[in-house]
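First, the structure itself, so that you have it in front of you.
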Amino acid sequence: MLAPKELIPLVARWFAVAEPYENGPDNLNNDTIYLEMKSQLRKMLPNIKKKLFILDSFPRAKSKEIGRIAEEMKKGRKTMTEINKALYDPKQFEFGRHRHAELVKNECGSKCELIDYVEAFWNKTMNQFQYFDSNGFSYFTTGAHLSAHGLEYVRPIYTETRL
């Protein structure tokens, strides 16, 4: 299902905005990354008729480890939890989430909506992010993009979303 032309989804480099703060989380008006986000948003907002969707930051998977998932599962020496731990790359994703939240709250309100993958990839049983299914199929490519399997996995977020 394609989105109507009035709805413009924005899918950006969700990890690019997760760099450390220049002057702490309470000084975003002096933060180069936040100021650039704000500048880009202000250029887009006049062209948004209904809603701008922004993909929120979430933890990246270590690309070198993604190619080893099936091999590790086949060997059977590591549990899914151990394999997931090897994939987890926490690199400051919370910084990006904070910047996105402030941007939506302060700059665009109801015209913007964050799309959040954290809940989709959080495994409550293992109490950690899960980057592959029980068969060893990865949700991500080695280039840190969603795989076809991953796109199918997050499809409900978009089909149930506010379109």
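Side chains included, hydrogens not; waters and symmetry mates left out as well; all remaining heavy atoms used. Along the sequence shown, residues are numbered consecutively beginning with 1.
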Checking side-chain hydrogen bond (donor to acceptor under 3.5 Å, both in side chains) between Arg68 and each of Glu72, Glu71, Glu65, which is the one that passes? Glu65
Can you confirm whether more than 12 heavy atoms, excluding those of Lys105, are under 6.0 Å from its NZ atom? no
Pairwise side-chain contact, Tyr158 with Ile115, heavy-atom cut-off 4.5 Å (strictly under): yes
Positive for side-chain contact (heavy atoms from CB on, under 4.5 Å) with Asn27, one of Asn23, Asn29, Asp31: Asn23
State which residues pass salt bridge (Lys or Arg N to Asp or Glu O under 4.0 Å) with Glu22; sequence neighbours excluded, sorted by chain then number. none
Contacts of Asp133 that satisfy side-chain contact (heavy atoms from CB on, under 4.5 Å) - sequence neighbours left out: Asn135, Phe137, Tyr139, His149
Side-chain (Ser147) to main-chain (Ser138) donor-acceptor, under 3.5 angstrom: yes
Would you say the side chain of Met37 lies within less than 4.5 Å of the side chain of His100, judging by non-hydrogen atoms? yes
Given side chains that start at C-beta, do those of Lys51 and Cys112 come closer than 4.5 Å, heavy atoms only? no
The reported gap from CD in Gln128 to CE in Met126 (rounded to nearest 0.5 angstrom) is 5.0 Å
Quick one: are Tyr117 and Leu146 in side-chain contact, heavy atoms under 4.5 Å? yes
Report yes if the distance between the aromatic ring centroids of Phe121 and Tyr131 is under 6.0 Å, otherwise no. no
If the condition is salt bridge (Lys or Arg N to Asp or Glu O under 4.0 Å), which residues does Arg97 pass it with, not counting sequence neighbours? Asp56, Asp116
Check the orientation of Tyr21 and Phe95. Use parallel for under 30°, tilted for 30 to 60°, and perpendicular for over 60°. tilted
Val17, Leu35: one ILVMFWY side-chain cluster at the under-4.5 Å cut-off? no
